[in-house]
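None of the values given here were measured: they were computed from a predicted structure.
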Amino acid sequence: MKIVVMKNILFYLAFIAIAVACNKEDDANPLPGEQVWHKSNTIDISGSSRNYHVYLPQNTSNAPMVVLLHGNRSSNDELLGFTNAKAPYKIWETIAAQENIILIVPNGTNGPSGHRGWNDCRSDSEGNPDANDVLFIKSVIDFVSNEHNTDDSRVFVVGTSNGGHMAMRLAQEIPEKLSAFASIVASNPINTQCTNSTLPISALFMNGTEDPINPYEGGEMSGNRGEVFSAQETIDYWVNRNQTDTTPTVIDLADAYTSDNCTVKKHTYSNGLNNTEVVFYEVVGGGHTEPSISERYGNFFKAIVKEQNGDIEMANEVWDFFKAK
């Protein structure tokens, strides 16, 4: 009799353990000490089902939110390294666990060329989809905020390339929802379909001087992706909008990784309206990619986008900037 009871108890405990393990990914709130990815969530936007991933830290109450935006021809899975590809954005999971951050990682839609991307401000880009991505991202921010009682005064967005252009669109069209944004290898569009806001918002840019896709000196992007202002003209716009100091503090960052043939100059424009600032990472010799110490792209990718800087970790630099806001 005792043996039967013991077997029943062990079976019951095993059943509970399996049930907990199976439902861990779907918990509305993580247990103390846990962090959880909720993948492929969906939300209806004007009759279309859009999907996104969410990372929940140990304590979601009053947590800041960071929106991560992939580039054209990519996806939220690729951005986060879920496809086992090199991914500088995967560092954000470590940062989120350490800093108790909610990550929102939306997925773009296919454009006329069949490649997934974002409907940013470039009216002359042939590859952009026509989806209402501003409404999509705003709706996800609102939904996650309501579900988890987050800190609405700390909402940030960062994106690379097409994702960086989309971050700028959000800063133009819903700046009241954001505390700051970061655009990686992206510049202001010359031909814009967006209404420029005048609301001050802190901005960070990282641009490579040898970028073969988003030209550092401005002009036509490769692949009929539209015309952009130069990196400096872009910075001048945000400096003027935020009314920061016009003369930056410039620091030459340590050339810790000498094999990448590039270095980084950090330009900081301070004392803007509402304590805003503009920070510009000038990646001298850098190409069309995120600087990273730990997530280094291979030679095939390098042949397309040119040099990837290895002196700084993009995610860490961006979070340090956001955290101060």
Any ion pair linking R225 and E126 (charged N to carboxylate O, less than 4.0 Å)?
no
Side-chain (D245) to main-chain (Y269) donor-acceptor, under 3.5 angstrom:
no
Please examine the side chains of Y52 and V54, heavy atoms only from C-beta on, and report whether any two atoms are closer than 4.5 Å.
yes
Is it true that E277 and T268 share a donor-acceptor pair across their side chains at a distance under 3.5 Å?
no
For the residue pair T263 / D255, report whether a side-chain donor-acceptor contact shorter than 3.5 Å exists.
no
For N191, the side chain to side chain contact (heavy atoms under 4.5 Å, CB included) test, sequence neighbours excluded, returns S123, D124, E227
Under the side-chain hydrogen bond (donor to acceptor under 3.5 Å, both in side chains) criterion, do D151 and S153 qualify, and how do the steps go?
CA-CA 5 Å; D151 186 350; S153 69; 2.6 Å; yes
In the structure I gave you, are the side-chain heavy atoms of V158 and F322 within less than 4.5 Å of one another anywhere?
yes
Decide whether E78 and Y89 meet the rule of one side-chain donor and one side-chain acceptor closer than 3.5 Å.
no
Same hydrophobic cluster for I213 and W118, using side-chain heavy-atom links shorter than 4.5 Å among ILVMFWY?
no
State, with a plain yes or no, whether a side-chain heavy atom of S197 is found less than 4.5 Å away from one of Q172.
yes
Rounded to the nearest 0.5 angstrom, the CG-OG1 distance for N128 and T109 is 9.5 Å
For S161, what residues pass the side chain to side chain contact (heavy atoms under 4.5 Å, CB included) criterion, not counting sequence neighbours?
V185, H288
Is a donor on one side and an acceptor on the other found under 3.5 Å between the side chain of N274 and the backbone of T276?
no
With S294 as partner, the option from E313, K90, K86 fulfilling side-chain hydrogen bond (donor to acceptor under 3.5 Å, both in side chains) is E313
Verify the distance criterion only: is there a donor paired with an acceptor across the side chains of H53 and D77 at less than 3.5 Å?
yes
In one Ile/Leu/Val/Met/Phe/Trp/Tyr side-chain cluster, 4.5 Å: V318, V264:
yes
Roughly how far, to the nearest 0.5 Å, is CD1 of I235 from CG of N188?
8.5 Å
ring-ring contact (aromatic ring centres under 6.0 Å, His included) with Y237: which residues, sequence neighbours excluded?
none
V66 and its side-chain contact (heavy atoms from CB on, under 4.5 Å) partner, picked from L103, I102, V157:
L103
With a 4.0 Å cut-off, would you call D133 and R50 a salt bridge?
yes
Any heavy-atom pair between the side chains of L135 and S46 that's under 4.5 Å?
yes
Name of the residue among N207, I184, N162 meeting side-chain contact (heavy atoms from CB on, under 4.5 Å) with N214:
N207
Step-by-step side chain to side chain contact (heavy atoms under 4.5 Å, CB included) determination, E307 to E210
CA-CA 8 Å; E307 293 287 353; E210 301 301 320; over 6 Å; no
Residue pairs meeting salt bridge (Lys or Arg N to Asp or Glu O under 4.0 Å), one or both in residues 193-209, sequence neighbours left out, come to none
Side-chain contact, heavy-atom cut-off 4.5 Å: F181 with F321?
no
Check whether T209 reaches the backbone of G285 with its side chain - one donor and one acceptor, N or O, closer than 3.5 Å.
yes
Atom pair NZ/CD of K302 and Q308 - distance to nearest 0.5 Å:
9.5 Å
Begin with the C-alpha distance, continue with both residues' side-chain angles, and end with the deciding distance and a verdict on ring pair (Phe, Tyr, Trp, His ring centres under 6.0 Å) for W92 and Y55.
CA-CA 10 Å; W92 278 101; Y55 175 89; over 10 Å; no
Could you tell me whether D130 atom CG has more than 12 heavy atoms of other residues or ligands within 6.0 Å of it?
no
What I'd like to find out is whether the side chain of N110 reaches to under 4.5 Å of the side chain of P129, using heavy atoms alone.
no
Return the set of residues passing disulfide (SG to SG under 2.5 Å) with C262 (not counting sequence neighbours), or none when no residue passes.
none
Before giving the answer on side chain to side chain contact (heavy atoms under 4.5 Å, CB included), spell out for V228 and H165 the whole-Å C-alpha distance, their side-chain angles and the decisive distance to 0.1 Å.
CA-CA 10 Å; V228 293; H165 284 277; 3.9 Å; yes
Checking side chain to side chain contact (heavy atoms under 4.5 Å, CB included) for the pair F301/T289: CA distance, chi angles, key distance, verdict?
CA-CA 10 Å; F301 193 75; T289 187; 4.0 Å; yes
For the backbone of N51 and the side chain of N107, can you confirm whether one donor and one acceptor N or O come within less than 3.5 Å of each other?
no
Answer whether the closest heavy-atom distance between the side chains of I293 and Y257 falls below 4.5 Å.
no
Only one of N132, D142, V67 clears side-chain contact (heavy atoms from CB on, under 4.5 Å) with I137; which?
V67
Are the side chain of R169 and the backbone N or O of N119 linked by a donor-acceptor pair below 3.5 Å?
yes
Throw together a table of side-chain donor-acceptor distances under 3.5 angstrom for residues 247-254, partners on residues two or more places apart or in other chains.
| unit_1 | atom_1 | unit_2 | atom_2 | d |
| --- | --- | --- | --- | --- |
| D252 | OD1 | K265 | NZ | 2.6 |

Would M65 and K177 satisfy side chain to side chain contact (heavy atoms under 4.5 Å, CB included), going step by step from the backbone distance to the final call?
CA-CA 11 Å; M65 289 187 287; K177 303 290 294 186; over 6 Å; no
I'd like to know if the side chain of S145 and the backbone of I141 have a donor-acceptor N/O pair within less than 3.5 Å.
no
